[in-house]
Amino acid sequence: MAERLSPLEPVLRQGSYGQFENGVGIILSETAPGSIVQLAAWPGQEKAIIAAIKKATGLALPDGAGGGVASSTKAAFGFAPAKFMVVDEAEGVAEALAKAVAPEGGTVTDLSHGRTAIRISGPKAEWVLAKFFAIDFSLVAFPVGAGRSTMHHDIFAQIQRSAADQYDVYVFRSFARSFWHTLRRGCEEVGYEVR
Amino acid sequence: MSPRRATSGGRIDRLRTIHFTFDGAPCTGHAGDTLASALLASGVTLFGRSFKYHRPRGVLTAGIDEPNALVTVLRGDVREPNIPATTVEIYDGLVAESQNRFPSLAWDISAINQLAGKLISAGFYYKTFMGPAIGPLKGTRFWMLCERFIRRAAGLGRAGRAADPSRYERMNAFCDVLIVGSGPAGLMAAASAADNGARVILAELDARLGGSANWSGEIIDGMPAAEWAAGLAEGLKAHNNIRVLPRTTVWGFYDGNTLAALERVTDHKERLGKGEPRHRHWVIRAKKVVLATGALERPMVFPGNDRPGVMLAGAARRYANEFGVLAGGKVALFTNNDTAYHAATALQKAGASVAAIFDVRANVSDAMRNLASDAGAEVHAGHAVVGTEGSRALAGVKVQRFDSTNGALSGESRTVEADCLLMSGGWSPAIHLASQAGGKAQWDAELQAFLAPQAAGNWIGAGAFNGSFSTAEAIAEGHAAGLAATGSKAAANDDLPVADAVAGDPAPASVFEIRANGKSFVDFQHDVTAEDVRLAHREGFVSVEHLKRYTTLGMATDQGKTSNIPGLAIMAEALGKPIPEVGTTRFRPPFAPVSVGSLAAERYGDIRAERLTPMHDWHLEHGATMYAAGLWHRPMVYGDPGETIEQSYVREAKTTRETAGIVDVSTLGKIAVQGPDAAELLDRVYTNMFSTLAIGKARYGLMLREDGIALDDGTTWRLGQNDFLMTTTTANAGKVMQHLEYFLDLIWPELKVTLTSVTDQWAGAAIGGPQARAILANCVKETPVDNTALPFMGIVHGRIAGVPVMICRLSFSGEMAFEVYCGADYGTRVWQALMDAGKPFGLVPYGLEALGTMRIEKGHVTGAELDGRTTARDLHLDWMLSKKKPFIGSAMMDRNGLATPDRLQLVGLVSLDSRALSGGAHVVEELDEQNPHGSIGHVTAACYSPALGKYIALALVKGGKARHGSRAFVSDPLRKRFGPVEIVSHHFYDAEGSRMHG
Amino acid sequence: MLITCPYCGPRDVSEFTYQGDGNRQRPAPASQNLDAWNEYVYERLNPAGDHNEVWQHSGGCRSHLRVVRNTLTHEISSVAFARGHVAHRSPAKRGTKT
Amino acid sequence: MAEYSAFALIRNALNGNKDWKPAWRKPEPKASYDVIVIGGGGHGLSTAYYLAKEHGITNVAVLEKGWLGSGNVGRNTTAVRSNYLLPANTRFYEHSMKLWEGLSHDLNYNVMFSQRGCLNLAHTPAQLDDYARRGNAMRHQGVDAELMTPAEISRLIPAMDVSRDARFPVYGGLMQPRAGTARHDAVAWGYARAADRRGVDIVENCEVTGFLHEGKRIVGVTTTRGDIRAKKVAVTVAGSTGRVMQMAGIERLPIESHVLQAFVTESLKPFINTVVTFGMGHFYMSQSDKGGLIYGGDLDGYNSYAQRGNLPVVEEVMAEMLALFPSLAPARVLRSWGGVCDMTMDGSPIITTGPLPGMYLNCGWCYGGFKATPASGWCFAHTIAKDEPHELNAAFTLDRFHRGALIDEKGQGATPRLH
């Protein structure tokens with residue numbers, strides 16, 4: 001398969017930035033998963049879709065609105081009523097899910113190229129994200145694994161808390177570079193590393 | 001040590017001297033000083049000039065309520081005007097200037113305005129400047145002439161023209177309890193809420209936590225109150241569930257317990273850390289709010305009360321106790337309540353000589369008399385100040401006997417020597433935030449103050465905010481509020497800190513004004529006098545809002561913090577009504593002025609995100625001039641060196657029609673419409689039929705709004721039985737998505753359809769022209785692209801450069817054309833492969849201008865024609881209106897107003913004078929360049945048509961179709977372009993479509 | 001102003017798009033009753049007090065919501081999915097309802 | 001009552017300003033009038049004034065539930081312009097402009113109408129064409145309009161960022177030189193005083209609580225100060241239209257009441273001279289004679305009678321302000337407030353007889369109410385006096401929506417928050 005070109009490729013420069021003299025509070029990276037797939041269940045078919053996700057990826061989605069699960073190579077979370085996002089390091093997961101989901105169950109939509117995944121981690125991740133998103137990032141309100149749909153002005157974002165101080169932010173590809181600049185600017189006052 | 005600096009005491013660091021300048025003169029102060037305290041310590045008495053009369057003014061207060069001492073703070077070329085000197089923390093290198101004076105603060109030429117005082121009383125400008133009714137100055141001219149001078153004289157500080165290089169930020173916060181104010185009440189509330197495990201934010205507008213504890217001079221738990229507060233504040237830091245925000249003004253109480261606060265992150269710093277914002281705009285969603293905002297002192301209204309050296313008693317107490325600064329050497333006091341006696345104590349302790357206390361009340365308690373006697377001050381009960389002496393500094397005060405029951409003065413007036421007069425007219429709880437939250441303030445006749453409306457349930461008051469003015473009450477109420485905010489209750493036996501203070505009577509005498517000869521100021525900054533208030537009364541402007549608007553009372557930068565109640569009281573007296581019957585002002589955000597930059601926050605310098613297509617960098621590398629299309633950046637032309645824009649697009653369009661051209665169409669809205677009812681949904685939203693569309697085929701569709709007006713058009717591709725890809729115009733992508741979602745959620749929830757925005761999933765390139773198919777054949781693998789495999793509106797799947805692509809044969813340009821879609825991350829790769837394959841054929845990339853040119857030649861409509869007022873018929877798209885089914889808009893599109901023959905209809909125009917036409921020009925039947933009239937329509941889009949060799953345009957013209965073949969004129973007085981045109985069909989070029997059908 | 005989306009929890013009003021009077025009844029698609037259509041498209045209840053409204057959580061889960069909101073105080077007394085999505089699963093942990 | 005003039009000002013100054021009389025009387029309401037005007041805002045007062053002046057109908061009462069001018073006439077951003085696109089609007093607002101130009105004399109009250117111009121900025125060539133269309137439409141109706149280049153704009157407003165590398169560079173602008181600003185409160189007070197001088201009773205603190213009917217016909221109102229009968233009852237209550245019409249039994253109207261916020265900075269020395277609008281969002285600003293920058297933007301976007309809004313619009317307006325004027329970042333917002341706008345389904349107003357016999361309705365002013373004040377009252381007075389609309393307001397009917405004869409300046413259809 002041909003190599004993919006990320007919208008961040010020309011602007012993502014590894015290094016240390018901001019007030020890193022006082023220590024690094026944040027690590028920014030692009031996770032560039034091979035697959036980003038959206039699933040939607042028809043009313044009453046949510047369990048069937050969750051089972052299909054389990055079958056195709058092995059991920060067991062927990063119960064609850066916005067519930068999710070993350071491993072080092074794949075992740076899944078709910079982001080809207082009866083809608084789920086599945087993310088995998090590997091390419092081609094959309095096809096596998098399409099086979100696992102019957103038309104009576106729901107739909108599968110491949111967004112692997114349509115969304116760009118930015119990971120922000122570190123003790124100051126919450127502080128910086130709170131500059132842009134009006135959601136409660138505290139662990140009680142936003143548990144590990146959970147997903148949220150929100151926005152920063154014109155930029156729609158889905159955010160999964162993939163670890164206690166690690167968030168994966170999915171933005172529309174066309175906005176990715178603009179958001180990256182905004183995010184970096186917000187990180188300036190704390191030291192940050194781009195990896 | 002400077003003349004007014006006490007030798008000890010205060011919360012300043014005497015070991016650190018800070019150097020700054022005021023009006024160019026070098027000054028010093030200590031770490032912990034405000035600009036006001038440092039200047040007062042240096043013996044400065046003159047701080048500013050008033051708005052209207054340009055009277056000399058000193059500093060009246062010690063905080064955000066300051067009306068007089070406004071300065072401009074400069075950082076390089078960047079000017080921050082109108083900042084109260086009482087709120088500026090000094091730092092090394094601070095540059096501050098006084099305002100509203102020329103040539104200097106001491107000698108201000110506009111002070112001559114004072115002589116015209118009676119002439120320029122409240123509202124004078126409404127009664128004059130109308131000018132003559134006839135002649136050269138009639139109409140608005142005379143007023144505008146006068147206004148020019150008025151505008152120059154008005155205004156306070158000057159805003160700069162240099163862009164502010166600072167950064168501003170926004171911060172979203174969530175908490176269980178937000179506590180506003182860190183005086184004893186706020187600190188206690190924070191401690192008890194945090195102890196209960198709640199997530200707490202404590203906001204304090206000053207740099208130092210502690211509020212009144214810093215200047216009360218009282219003893220709490222056996223130690224100076226300031227130390228007690230510092231200890232408690234330090235203890236709070238040990239909690240990880242509390243965020244303390246000093247230098248943070250909570251200024252707005254919005255719906256849903258959303259509060260807005262301004263944190264001044266670096267205003268006190270000489271140098272900013274990397275990436276540090278100057279201001280941070282906090283938006284705090286708090287489950288509960290504790291309002292511990294204290295109270296603001298009121299001045300007394302009497303002649304000469306604005307002379308430099310006259311100050312609020314509480315402010316002087318604060319300068320003495322918190323900053324170790326003496327407001328004067330020889331001090332007199334004038335009060336209607338007990339608190340001024342504590343000020344006397346503070347001044348005396350700090351080293352001033354307290355001459356006398358004039359109290360309007362006939363009876364003064366023993367406790368207060370003892371305080372006065374300890375301070376060495378004589379108490380003159382039943383006395384009032386009736387005048388002040390001195391020019392730019394106070395020299396003496398005139399006093400007379402006064403009867404507080406009827407306001408009568410008696411006996412001879414005498415003059416007491418003093419360089420400082422401290423006044424207290426009682427205290428007003430700072431209820432601003434509670435008032436913003438809703439409800440009407442309640443007048444408390446005993447406290448002579450408005451108290452907050454009953455809590456709506458989401459905030460709790462504590463301390464002086466409640467009218468509980470003693471420290472002991474503040475401690476108890478703060479403690480109880482902190483517990484109540486976290487759902488528990490204070491108990492009688494809770495172990496609370498003990499405040500040791502001489503108890504006073506919280507109730508002032510009901511005396512607001514001493515009526516004697518001379519100007520008595522109510523609103524110091526706006527120069528509103530007691531006489532102005534009475535003039536408003538005489539002229540019938542008696543409701544509180546009329547009073548404010550007519551006299552401008554309370555409209556200055558301090559928003560009436562010191563003037564509202566005295567003004568109201570004077571009006572009440574004139575009307576012979578109690579104060580609450582005159583009315584209460586509802587407070588509105590902001591509580592104190594807020595920088596515009598903080599509210600723009602991270603959008604300052606970056607107002608809107610940019611949307612870039614997958615091939616964006618390629619376009620830039622190949623010389624594209626970019627064009628903002630909404631948030632998108634799109635190539636306008638790929639200019640060759642030396643070309644004009646017109647030459648570029650003509651070349652691009654011509655080459656496309658002669659050989660081939662390629663354009664980035666990734667910005668087109670793309671919506672995945674999936675599910676067993678997808679076709680049914682499309683039948684309902686499009687005017688034409690989609691359920692009959694075969695898999696692997698595309699169809700052009702038109703959508704109407706519910707009211708029958710055209711909404712959007714585009715092609716929709718059937719990729720599978722249950723799988724459609726809808727395209728929309730770039731501009732309407734979001735609107736169409738919401739339109740569909742609305743119907744799916746609200747009107748037809750029974751349909752099983754999923755809608756997903758896949759605009760960003762696909763990179764799109766449209767390649768068109770006589771050689772387009774040959775180019776594709778040159779690079780597409782795994783599928784043929786000939787007429788059989790890929791007929792008009794057919795779709796095939798194949799690969800280009802190893803990348804899976806989806807190709808649909810459709811045409812916007814009117815040429816044989818194909819849209820090639822691939823995964824966005826492959827966009828540049830596929831685009832480059834197409835360019836490479838096209839090179840032997842002379843393939844050119846083209847931009848929006850050429851795209852526009854070719855669509856005008858073909859008569860296709862876009863945003864300029866789909867302007868939200870046109871119908872399908874107006875645009876000659878009625879052939880798309882299915883009669884076999886209802887669709888959105890079908891019921892309403894035939895209303896007579898949408899079908900009249902004189903509606904604007906789409907036509908083509910051809911320039912008959914071989915000159916360019918322009919969008920926005922109007923069309924007339926008879927040309928009249930001097931007196932343009934009789935517009936029958938307008939040009940929506942225009943270009944030079946390389947295919948026709950003419951300047952052409954699309955236009956919307958009344959009864960357009962019937963005019964085909966007739967002559968008209970473009971009339972464009974704005975751009976002075978007039979000339980003949982022929983009205984023709986909008987299909988200029990290849991009306992039969994033989995080129996695209998091939 | 002905060003709207004408590006039944007799926008996403010309390011969110012800022014900036015995440016929502018107002019879709020107006022929720023009392024309007026769309027005639028049957030094939031209806032030729034122009035008065036009914038006109039009323040549906042143009043006539044609105046505009047009460048000073050509680051109002052039945054439709055909002056879309058356009059900056060979140062994109063659900064349309066039926067909201068009862070007081071137009072005098074902006075207080076919101078109920079929010080429900082317009083689509084009749086009964087939250088088949090209990091909402092995940094989040095702040096209390098406003 | 002005495003004329004206002006420089007001479008009167010001097011005479012009174014010498015006299016200690018003791019002889020000024022109330023600007024208007026505070027009469028008790030009579031039992032009946034020829035015409036009752038409900039709503040003591042700009043439009044109600046100007047209606048009463050023109051009824052008296054143009055039609056000799058002076059047995060008129062204006063009923064105001066609170067204090068005079070407490071609605072939008074005292075809450076707007078004071079811009080006066082007639083730069084409309086569609087002919088029905090252009091003609092009407094130009095008539096208003098002409099009345100404005102003589103208003104201070106007409107009323108013997110300085111309403112401080114200052115023709116400092118109004119400039120709409122364009123940020124793309126297509127937008128400039130759009131403005132050219134509008135400007136040409138104005139010129140074809142005899143209204144003044146000019147296009148300005150970025151260089152000319154920069155000379156006129158030196159503090160504005162017209163650089164090419166701005167996120168939305170300024171490509172030019174549409175200027176109406178005769179547009180400007182007026183002192184909003186003075187308009188209410190001036191009309192009140194002038195109407196009062198012609199015999200109109202202005203009754204404050206008199207809230208209408210219902211309508212008196214004879215059959216279907218409206219014959220008066222019930223108020224907090226008693227029943228008042230009238231041959232004709234005119235409703236000019238802007239944002240409260242829904243509430244008042246509900247009392248007459250009309251539940252549904254093509255109107256939603258929305259809150260619109262406005263802002264003023266602290267006083268500054270002269271910074272801009274004209275009214276200016278940003279084209280890549282919604283922002284407009286002018287500077288008052290006192291020095292405050294007065295500005296606003298979009299509606300909050302939901303039904304509201306609360307006269308207060310929320311933060312998202314505040315933040316958006318400030319961001320747009322700084323996109324044009326980056327030197328204003330340190331300037332400070334002093335005050336914000338909200339007004340309730342009666343938004344129609346096409347963004348244009350309603351001035352009509354009916355909808356019930358004996359009733360006359362004037363509403364739907366959306367954003368445009370202040371500048372319309374003189375013509376609105378002038379046309380409404382004609383409509384009341386003659387029982388038919390003047391040709392200037394003939395298009396502003398209530399039934400135009402159903403007929404499909406919309407006057408949709410922005411092309412947004414029946415989505416009031418977008419007009």
Side-chain angles (χ1 to χ4, degrees), chain B residues 80 82 118-119 121 124 126-130 133 139-140 144 147 150-151 154-156 158-164 254-255 535 538-540 543 545-546 549 557 588-589 593-597 599-600 603-604 607 628 705 707 867-869 895 897-898 919-920 922 932-933 935 938 972-974, chain D residues 4 6 9 13 17 20 22-24 67 101-102 104-105 109-110 113-115 124 129 132-133 135-136 139-140 147 158-159 167 185-186 266-271 289-291 310-311 314-315 318-319 321-323 326-334 336-337 403-405 408 411-414:
Chain B
E80 191 182 13
N82 304 337
K118 288 249 163 44
L119 200 59
S121 57
F124 76 97
Y126 302 127
K127 297 169 185 159
T128 184
F129 301 127
M130 279 84 90
T140 57
M144 287 177 68
E147 190 190 30
I150 293 173
R151 282 173 86 87
L156 294 164
R158 184 163 62 80
R161 289 193 184 162
D164 179 2
Y254 288 94
D255 294 323
L535 175 61
R538 276 198 290 284
E539 298 196 71
S543 84
E545 285 292 339
H546 280 161
R549 287 155 188 264
T557 61
R588 300 187 182 281
V594 178
S595 63
V596 176
L599 292 165
R603 277 189 292 174
Y604 174 48
I607 182 168
R705 300 192 312 220
D707 63 359
D867 66 357
R869 286 178 288 262
R895 290 178 296 158
L898 299 180
H922 278 241
H933 63 276
S935 167
H938 63 276
D972 187 350
L974 260 60
Chain D
Y4 287 162
L9 211 57
N17 286 318
W20 292 116
W24 59 89
W67 43 279
E101 286 173 326
S104 291
H105 276 111
Y109 203 91
N110 185 4
F113 178 41
S114 179
Q115 293 177 290
T124 63
D129 281 353
R133 176 188 171 192
N136 280 324
R139 290 288 286 271
H140 284 82
L147 283 187
R167 174 71 177 89
D185 289 323
E266 298 176 330
S267 274
L268 298 168
K269 290 292 175 194
F271 184 81
D289 287 345
K290 244 170 66 188
N310 276 293
L311 273 174
V314 179
E315 294 162 349
M318 306 296 159
M321 177 176 184
L322 297 189
S327 71
L328 289 178
R332 306 199 301 169
V333 189
L334 176 62
S336 71
W337 62 93
R403 287 189 287 116
D408 191 345
Q412 293 290 2

Please find the pair of heavy atoms, one from [X] and one from [Y], that lie closest to each other, and give the distance.
| X | Y | result |
| --- | --- | --- |
| B:Ala159 | D:Leu268 | CB-CD1, 4.1 Å |
| B:Glu539 | D:Tyr4 | OE1-OH, 3.6 Å |
| B:Ser595 | D:Pro330 | CB-O, 4.5 Å |
| B:Gly597 | D:Leu322 | CA-CD1, 3.6 Å |
| B:Pro973 | D:Arg139 | CG-CB, 3.6 Å |
| D:Ser267 | B:Gly155 | CB-CA, 3.9 Å |

Quick one: what part of [X] sits under 4.5 Å from any heavy atom of chain B, side chain, backbone, both or neither?
| X | result |
| --- | --- |
| D:Phe271 | side chain |
| D:Asp185 | side chain |
| D:Arg403 | both |

To the nearest 0.5 angstrom, please state how far the [atom1] atom of [X] sits from the [atom2] atom of [Y].
| X | Y | atom1 | atom2 | value |
| --- | --- | --- | --- | --- |
| D:Arg332 | B:Thr557 | CZ | OG1 | 7.5 Å |
| B:Leu599 | D:Met318 | CG | CE | 5.5 Å |
| D:Arg167 | B:Ile607 | CZ | CD1 | 9.0 Å |
| D:Trp67 | B:His546 | CH2 | NE2 | 5.5 Å |
| B:Lys127 | D:Tyr109 | NZ | OH | 7.5 Å |
| B:His938 | D:Asp129 | NE2 | CG | 10.5 Å |

Practice task
Could you please spell out the steps behind the side chain to side chain donor-acceptor pair (under 3.5 Å) verdict for D:Ser114 and B:Glu147?
Solution key: CA-CA 8 Å; D:Ser114 179; B:Glu147 190 190 30; 2.5 Å; yes
Side chain from CB out, backbone as N, CA, C, O: work out which of these in [X] comes under 4.5 Å of a heavy atom of chain D, or both, or neither.
| X | value |
| --- | --- |
| B:Arg705 | side chain |
| B:Glu80 | both |
| B:Leu974 | both |
| B:Ala162 | backbone |
| B:Asp707 | side chain |

Kindly say whether [Y] contributes a backbone atom to a donor-acceptor pair with the side chain of [X] at under 3.5 angstrom?
| X | Y | value |
| --- | --- | --- |
| B:Arg869 | D:Asp408 | yes |
| D:His105 | B:Met130 | yes |
| D:Asn310 | B:Tyr254 | no |
| D:Asn110 | B:Thr128 | yes |

Check whether any side-chain heavy atom of [X] sits under 4.5 Å from a side-chain heavy atom of [Y], and report yes or no.
| X | Y | result |
| --- | --- | --- |
| B:Leu156 | D:Lys269 | no |
| D:Ser327 | B:Asp164 | no |
| D:Met321 | B:Tyr604 | no |
| B:Pro589 | D:Ser336 | yes |
| B:Arg538 | D:Pro22 | no |

Handout entry: B:Asp867/D:Arg133 salt bridge by N-O under 4.0 Å criterion
Key = yes
Below 4.5 Å, heavy-atom pairs only: which of [options] has the largest tally toward chain B?
| options | answer |
| --- | --- |
| D:Gly135, D:Gly102, D:Ala414 | D:Gly135 |
| D:Leu9, D:Asp289, D:Thr124 | D:Asp289 |
| D:Ser104, D:Ala159, D:Ala331 | D:Ala331 |

Handout entry: Residues that B:Arg158 engages under salt bridge (Lys or Arg N to Asp or Glu O under 4.0 Å), provided they are two or more places apart
Key = none
Practice task
Specify which of B:Arg151, B:Met144, B:Arg603, B:Arg895 makes the most heavy-atom pairs with chain D at under 4.5 Å.
Solution key: B:Arg151
Fill in the blank from the handout: Of the listed B:Pro593, B:Gly540, B:Ala163, the one with the largest count of heavy-atom pairs under 4.5 Å with chain D is B:Pro593
Practice task
Give a yes or no on whether the ring-centroid distance for D:His140 and B:His933 is below 6.0 angstrom.
Solution key: no
Exercise for the section: Please determine, by modelled atom types, if B:Thr140 and D:Gln115 share a side-chain donor-acceptor pair under 3.5 angstrom. Expected result: yes
